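Just so it is clear, the structure is predicted and the values come from calculations on it, not from any experiment. Scope of the values below: all heavy atoms of this structure, side chains included, with no hydrogens, waters or symmetry mates.
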Number of protein chains: 2
Amino acid sequence: MENKFSISDLASEFQVTTRTIRFYEEKGLLTPVRRGSVRLYGPRERVKLKLILRGRRLGFSLDESRDIIEMYDPESENVKQLQSLLEKIHEKQGQLEAQKKEVNSMLKDLKIAEKNCLDAISHPG
Amino acid sequence: MENKFSISDLASEFQVTTRTIRFYEEKGLLTPVRRGSVRLYGPRERVKLKLILRGRRLGFSLDESRDIIEMYDPESENVKQLQSLLEKIHEKQGQLEAQKKEVNSMLKDLKIAEKNCLDAISHPG
DNA sequence: ATTGACGTTGACGTTAACGTAAAGCAAGCG
DNA sequence: CGCTTGCTTTACGTTAACGTCAACGTCAAT
């Protein structure tokens with residue numbers, strides 16, 4: 001069975017528990033296929049999980065990750081919907097640019113802290 | 001009273017509730033001075049709050065923000081401690097660089113999503 | 001002197017994002 | 001055949017980060 005993953009395949013690949021993956025399904029973020037009662041994950045679901053976890057590392061809520069997934073994988077072909085989706089995309093892009101700036105600010109501040117620390121070590125008293 | 005802020009000064013400046021600020025104090029992240037029973041915040045405490053909130057926007061936990069504050073505002077002059085602090089600083093710098101990369105990845109993906117969206121709008125069917 | 005804005009300390013409530021434990025099915029292996 | 005391993009559902013528990021009262025003090029202004 002190429003191309004299909006079990007729940008524990010994904011769990012060990014991404015270092016999360018199976019509980020977490022099922023939880024994301026409960027919340028409607030993942031929709032694996034079933035063979036009997038057993039979940040099977042295709043590449044599409046794998047990508048979704050990847051997106052959720054990347055979002056998690058960036059401090060996103062599951063609802064935000066849900067939005068991100070929708071941007072990747074639009075449910076509608078309706079032009080109206082696609083345009084509002086486009087707006088959401090632009091908004092998210094703005095947020096991410098802002099986040100980058102905050103990361104950079106913190107990096108700057110850490111450089112200062114590093115310098116202060118080095119000074120205090122080499123130049124005690 | 002230049003240089004000193006009330007709790008609601010800070011609350012309105014940073015758009016958080018006073019409850020939030022007191023909560024950070026409960027957790028040991030802020031240590032305002034008291035005039036009687038009333039809290040007074042100097043510039044140092046103001047900076048700490050700023051750091052906490054920036055951390056929050058980046059998805060940091062309060063414990064992580066506590067670390068960040070410690071990096072800015074070391075409690076010890078002990079060289080041993082300063083060196084371990086320095087290691088923490090470097091570790092955090094690494095994490096932030098990683099986070100920047102993730103933000104960039106997501107921005108790239110959003111560009112693709114944007115393009116797909118635009119194509120689907122202008123070029124329907 | 002009372003009102004109203006602002007402050008205080010508890011104490012309990014809430015939400016998100018899972019963890020954990022119970023109980024059971026299904027397949028493969030010795 | 002029984003055992004182990006991996007999967008399932010159901011359900012209750014947990015933690016962080018606050019929100020939301022309640023009950024009270026205090027100071028300036030009307």
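Checked against side chain to side chain contact (heavy atoms under 4.5 Å, CB included), S12(A) has no partners two or more places apart in sequence or in another chain. Not counting sequence neighbours, S84(A) has no partner by the side-chain hydrogen bond (donor to acceptor under 3.5 Å, both in side chains) test. For R57(B), the side-chain hydrogen bond (donor to acceptor under 3.5 Å, both in side chains) criterion is met by E102(A), not counting sequence neighbours. Applying the side chain to side chain contact (heavy atoms under 4.5 Å, CB included) rule to R22(B) yields the partners I7(B), T18(B), R39(B); only residues at least two apart in sequence or on another chain are considered. Applying the side-chain hydrogen bond (donor to acceptor under 3.5 Å, both in side chains) criterion to K48(B), with sequence neighbours excluded, gives E45(B). S6(B) pairs by the side chain to side chain contact (heavy atoms under 4.5 Å, CB included) definition with S8(B), D9(B), not counting sequence neighbours. In terms of the side chain to side chain contact (heavy atoms under 4.5 Å, CB included) criterion, residue partners of K88(B) (sequence neighbours excluded) are, by chain and number, D67(B), M71(B).
Annotation: side-chain hydrogen bond (donor to acceptor under 3.5 Å, both in side chains) contacts involving residues 104-125 of chain B, sequence neighbours excluded, comprise R54(A)-D109(B), Y72(A)-D109(B), H90(A)-E114(B), Q93(A)-E114(B), K100(A)-N104(B), K115(B)-D119(B).
For the segment residues 9-23 of chain A, the set of residues with a heavy atom within less than 4.0 Å of an atom of DNA chain C comprises T17(A), R19(A), T20(A), F23(A), in numerical order. The stretch residues 42-51 of chain B does not touch DNA chain C, since none of its heavy atoms comes less than 4.0 Å from the strand. Near DNA chain D, meaning a heavy atom under 4.0 Å from it, residues 61-71 of chain B has S61(B), L62(B) in order of number.
Between dG7(C) and S8(B), a contact under 4.0 Å exists linking OP1 or OP2 to a side-chain N or O. Distances shorter than 4.0 Å separate none of the side-chain N or O atoms of R35(B) from OP1 or OP2 on dG7(C). The phosphate of dA26(C) has neither OP1 nor OP2 within less than 4.0 Å of any side-chain N or O from S37(A). The side chain of Y24(B) contributes an N or O atom lying less than 4.0 Å from OP1 or OP2 of dC18(D).
Straight-line distance from the CD1 atom of I52(B) to the C1' atom of dA17(D): 12 Å, rounded to whole Å. To the nearest angstrom, C1' of dC7(D) lies 18 Å from CZ of F5(A). Following rounding to the nearest Å, F60(A) (CZ) and dA16(C) (P) show an atom-to-atom distance of 18 Å. Across the protein-nucleic acid pair, I7(B) atom CD1 and dT8(C) atom C1' stand 10 Å apart, rounded to whole Å. Computed from coordinates, the R57(B) CZ to dC18(D) C1' distance equals 17 Å when rounded to whole Å. Atom CD in E25(B) sits about 13 Å away from atom C1' in dG7(C), given to the nearest Å. Regarding E26(A), its CD atom lies at a distance of 11 Å from the C1' atom of dA17(C), rounded to whole Å.
Here the straight-line distance linking atom CZ of R56(B) with atom CG of L49(B) works out to 9.0 Å at 0.5 Å rounding.
Evaluated for a salt bridge (charged side-chain N to carboxylate O under 4.0 Å, His left out) with K92(A), the options E70(A), E97(A), E64(A), E87(A) yield exactly one hit, E64(A).
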Which pairs would a plain distance check flag for residues 74-81 of chain A, meaning a side-chain donor or acceptor within less than 3.5 Å of a matching protein atom at least two apart in sequence or in another chain?
from	atom 1	to	atom 2	distance (Å)
S76(A)	OG	N78(A)	N	2.8
N78(A)	OD1	K80(A)	N	2.7
N78(A)	OD1	Q81(A)	N	3.4

